[in-house]
Amino acid sequence: MDKTIEKIVSLCKRRGFIFQSSDIYGGFSAVYDYGPLGIELKNNISQTWWKEMTQAHENIVGIDSGILMHPKIWEASGHVGAFNDPLVDCKKCNARYRADELSENYNSINWSEIRCLNCGTTGNMTEPRQFNLMFKTHVGPVEETGTEAYLRPETAQGIYVNYQLVQGAMRMKVPFGIAQIGKAFRNEIIARNFIFRTREFEQMEMQYFVKPGTDDDILRKWKKKRFNFYIDKLGITESKLRFHEHGENELAHYAKEAWDIEYEFPFGWSEIEGIHNRTEFDLKRHEEFSGKNLTYFDQPNNERFLPYIIETSAGLNRNLLTVLADAYWEDNENNRIVMKFHPKISPVKAVVCPLTKKDGLPELARKIMDILKPHFKVLYDQQGSIGKRYYRQDEAGTPFGITVDHQSLDDNSVTLRNRDTMVQDRISVDLLLSAIHDKM
Ligand code: GAP
């Protein structure tokens, strides 16, 4: 099967998962809008993550901090000084590149010998310049120095600056975690591969505050848990997941140790989540810049320390792309495209189809809708042949198809179709809800 990103993009548009932003104006680069199925799927992924973090772990609580924060936070975090990408331009055709993507040794090579991938000329590349990725804005009506603020480039800092308030309010004891899901913004030089790298995206981050000395062990535990999340909770194919450890020259300015969880996308292995040992770097910097004591008091041992932080940082949009890419299946034998989502995260769980628009079949189908609707997302469809209706739902990834036919009127039974096998079982309407629950 030839699974390309173009085919996934096309299906996403056709079925209402994802649209390019500002479509009627010709689009807006590197921003995407989520359609009716896309938002259901995205919500299901983020709710699964939220439940896994804050419900399955008694010592992890959630917050929702602002996108705009005190600008000093970004000086303390190192983002004002160090959150840069090296940028090179072709003077001939104005093509723009991230220097590190053209050459790992971008600082030492001779750029006048580099060929432009766009226009093919050599000798026109500029020397690399550093480009800060943060979006700047102004708070208040006057644009002057002193009113500058940034759109947050990561949700993590909102957790660090609230950590003592959360710890005090909830009487948390180290080790404990704080989770957050929210938007982040980065002025990426080159955004590409659909929703993989965009300028506006969502992160699902959990910051785990631990006693120094226990950090290495705890990082190992989180690595395992986060890897298994993709297999057990999102249903991702295990052989398409792997770890990549950051080497010395890849480590972010805050990290002592860092691992990426990578997925094998149609465009190659790429990062979907980072697991980092950030040590006490962030809290120490916030102490310096705010002048506040951010140590934690460990009562039983009567000692104070700055906790180390183990971070798990996943991109929600990249999680979504992973789920889409993994689910895409061309069933050539049956001439159909199927999105084989794990039923738990499918945008729609079942479609209810009366075989015809008459003879009382729509009325019974509506009754079935009323039984199922309070429990999960269901669709009613009476348009077109039953084959076409199922084809539409296979592309939408709906795991169950329910058909109401003339026999239904006699014995109160319907057919229940499995999306992947296409097998149809006859089942009593009274057992439908529990049967779907069991299969999920
Ligand atoms: N707080 C740590 C942090 O932000 P990161 O590796 O820069 O670390 C974490 O980002 C995750 O956020 C990535 O693994 C990725 O899933 C997502 N992410 C980062 N930049 C992104 C972008 N431009 N578009 C979509 N997702 C992005």
Side-chain angles (χ1 to χ4, degrees), residues 18 21 29-32 34 42 45-46 49 65 67 69 73-74 76-79 82-85 98 100-101 131-135 150-161 163 177-208 219 222-223 226-227 229-230 234 236 241-246 250-263 265 267 269-279 281-283 285 309-325:
I18 302 168
S21 161
S29 172
V31 184
Y32 288 89
Y34 291 82
K42 186 151 74 76
I45 295 170
S46 62
W49 183 90
S65 69
I67 287 171
M69 296 193 283
I73 288 174
W74 304 110
S77 68
H79 284 84
F83 196 51
N84 301 322
D85 272 348
R98 254 177 66 174
D100 55 340
E101 288 194 345
F131 171 78
N132 193 284
L133 296 182
M134 282 199 295
F135 279 103
Y150 301 96
L151 302 189
R152 66 181 176 197
E154 62 171 8
T155 59
Q157 300 300 327
I159 294 181
Y160 305 147
V161 297
Y163 120 89
I178 305 178
Q180 170 159 233
I181 299 175
K183 290 253 180 181
F185 301 82
R186 294 182 190 178
N187 199 359
E188 299 283 359
I189 297 172
I190 300 178
R192 61 159 171 241
N193 288 332
F194 195 29
I195 56 169
F196 181 80
R197 189 182 303 286
T198 52
R199 300 205 166 97
E200 176 179 341
F201 57 99
E202 276 169 89
Q203 290 187 314
M204 305 185 289
E205 297 201 303
M206 194 281 298
Q207 312 294 328
Y208 206 65
L219 178 124
W222 277 108
K223 263 181 68 190
R226 293 307 305 147
F227 197 84
F229 171 84
Y230 290 98
L234 300 189
I236 303 300
L241 291 165
R242 73 175 187 195
F243 277 115
H244 162 74
E245 183 175 13
H246 284 212
E250 283 174 282
L251 279 178
H253 59 277
Y254 51 72
K256 165 182 156 190
E257 182 179 349
W259 296 81
D260 292 339
I261 297 178
E262 294 185 336
Y263 178 76
F265 289 102
F267 46 83
W269 287 96
S270 305
E271 171 191 350
I272 54 175
E273 169 161 352
I275 297 148
H276 313 130
N277 184 343
R278 295 182 73 132
T279 67
F281 174 86
D282 299 274
L283 293 182
R285 295 277 293 184
I309 293 168
I310 304 299
E311 164 181 74
T312 72
S313 174
L316 175 52
N317 316 74
R318 282 193 197 175
N319 265 236
L320 179 60
L321 188 58
T322 306
V323 165
L324 288 166

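When a ligand or atom number is given, it counts from 1 through the structure's own listing order.
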* When only distance counts, is Thr198 in polar contact with ligand 1, meaning an N/O pair under 3.5 Å? ->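 Looking only at distances, the answer is yes, because the N/O contact criterion of under 3.5 Å is met.
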**Within-cut-off N or O pair, His276 and ligand 1, under 3.5 Å** =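 No: no nitrogen or oxygen of His276 is under 3.5 Å from one in ligand 1.
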Exercise for review: Indicate whether the side chain of Ser313 and that of Glu154 have a donor and an acceptor atom separated by less than 3.5 Å.
Suggested key: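 Short answer, no.
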Margin query: Checking Tyr163 against Gln207: is there a side-chain donor and acceptor pair closer than 3.5 Å?
Written below: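 Per modelled atom types, Gln207 and Tyr163 side chains form no pair under 3.5 Å.
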| message | Tell me if the aromatic rings of Tyr263 and Phe265 count as close, with their centers under 6.0 Å from one another. | response |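 Yes: the rings meet the under 6.0 Å criterion.
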Which protein non-hydrogen atom lies closest to [atom], naming both residue and atom, and how far is it?
atom: atom 6 (O) of ligand 1; answer: Glu271 OE2, 3.2 Å
atom: atom 9 (C) of ligand 1; answer: Ser313 OG, 3.0 Å
atom: atom 15 (C) of ligand 1; answer: Arg318 NH1, 3.4 Å
atom: atom 12 (O) of ligand 1; answer: Gln203 NE2, 3.3 Å
atom: atom 17 (C) of ligand 1; answer: Gly315 CA, 3.7 Å

Which ligand 1 atoms does [X] reach within 4.0 Å, using its non-hydrogen atoms?
X: Glu311; value: 1 (N), 2 (C)
X: Glu154; value: 1 (N), 2 (C), 3 (C), 4 (O)
X: Glu273; value: 14 (O)

Of the choices [options], which has the non-hydrogen atom that lies closest to [atom]?
atom: atom 18 (N) of ligand 1; options: Phe83, Phe201, Phe196, Phe185; value: Phe201
atom: atom 7 (O) of ligand 1; options: Gln207, Arg186, Glu205, Glu188; value: Arg186
atom: atom 16 (O) of ligand 1; options: Leu316, Ile272, Asn187, Ile195; value: Ile272

Whether Arg278 lies under 4.0 Å from ligand 1, heavy atom: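 Yes.
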| Is Gln157 touching ligand 1 with its side chain, its backbone, both, or neither, if touching means heavy atoms under 4.0 Å apart? |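 Neither part.
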Heavy atoms only, cut-off 4.0 Å: how does Arg197 contact ligand 1, side chain, backbone, both, or neither?
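Both backbone and side chain.
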*Does Tyr254 reach the side chain of Arg285, with side-chain heavy atoms less than 4.5 Å apart?*
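Side chain of Tyr254 against side chain of Arg285, heavy atoms only: no contact under 4.5 Å found.
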- Message: Within the 4.5 Å heavy-atom criterion, are Phe83 and Trp74 side-chain neighbours or not?
- Response: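 They are not in contact (no side-chain heavy atoms under 4.5 Å apart), so the answer is no.
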Check your understanding: Is there a side-chain hydrogen bond (donor to acceptor under 3.5 Å, both in side chains) between Gln157 and His79 once you walk through the steps?
Key -> CA-CA 10 Å; Gln157 300 300 327; His79 284 84; 4.7 Å; no
List the steps and the verdict of side-chain contact (heavy atoms from CB on, under 4.5 Å) for Phe243 and Asp260. CA-CA 6 Å; Phe243 277 115; Asp260 292 339; over 6 Å; no
| query | Given the rule in the side-chain contact (heavy atoms from CB on, under 4.5 Å) test, do Tyr160 and Ile309 qualify, once you have shown the distances and angles that lead to the verdict? | reply | CA-CA 9 Å; Tyr160 305 147; Ile309 293 168; 3.5 Å; yes
*asked:* Can you confirm if the NZ or CZ of Arg318 lies within 45° of the ring axis of Phe196 and under 6.0 Å from the centre of its six-membered ring?
replied: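 Judged by the rule, Arg318 and Phe196 form a cation-pi pair.
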task: Give me the one residue out of Asn193, Ile195, Ile18 that meets side chain to side chain contact (heavy atoms under 4.5 Å, CB included) with Leu321.
output: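 Going through Asn193, Ile195, Ile18 one by one, the side chain to side chain contact (heavy atoms under 4.5 Å, CB included) with Leu321 is satisfied by Ile195 alone.
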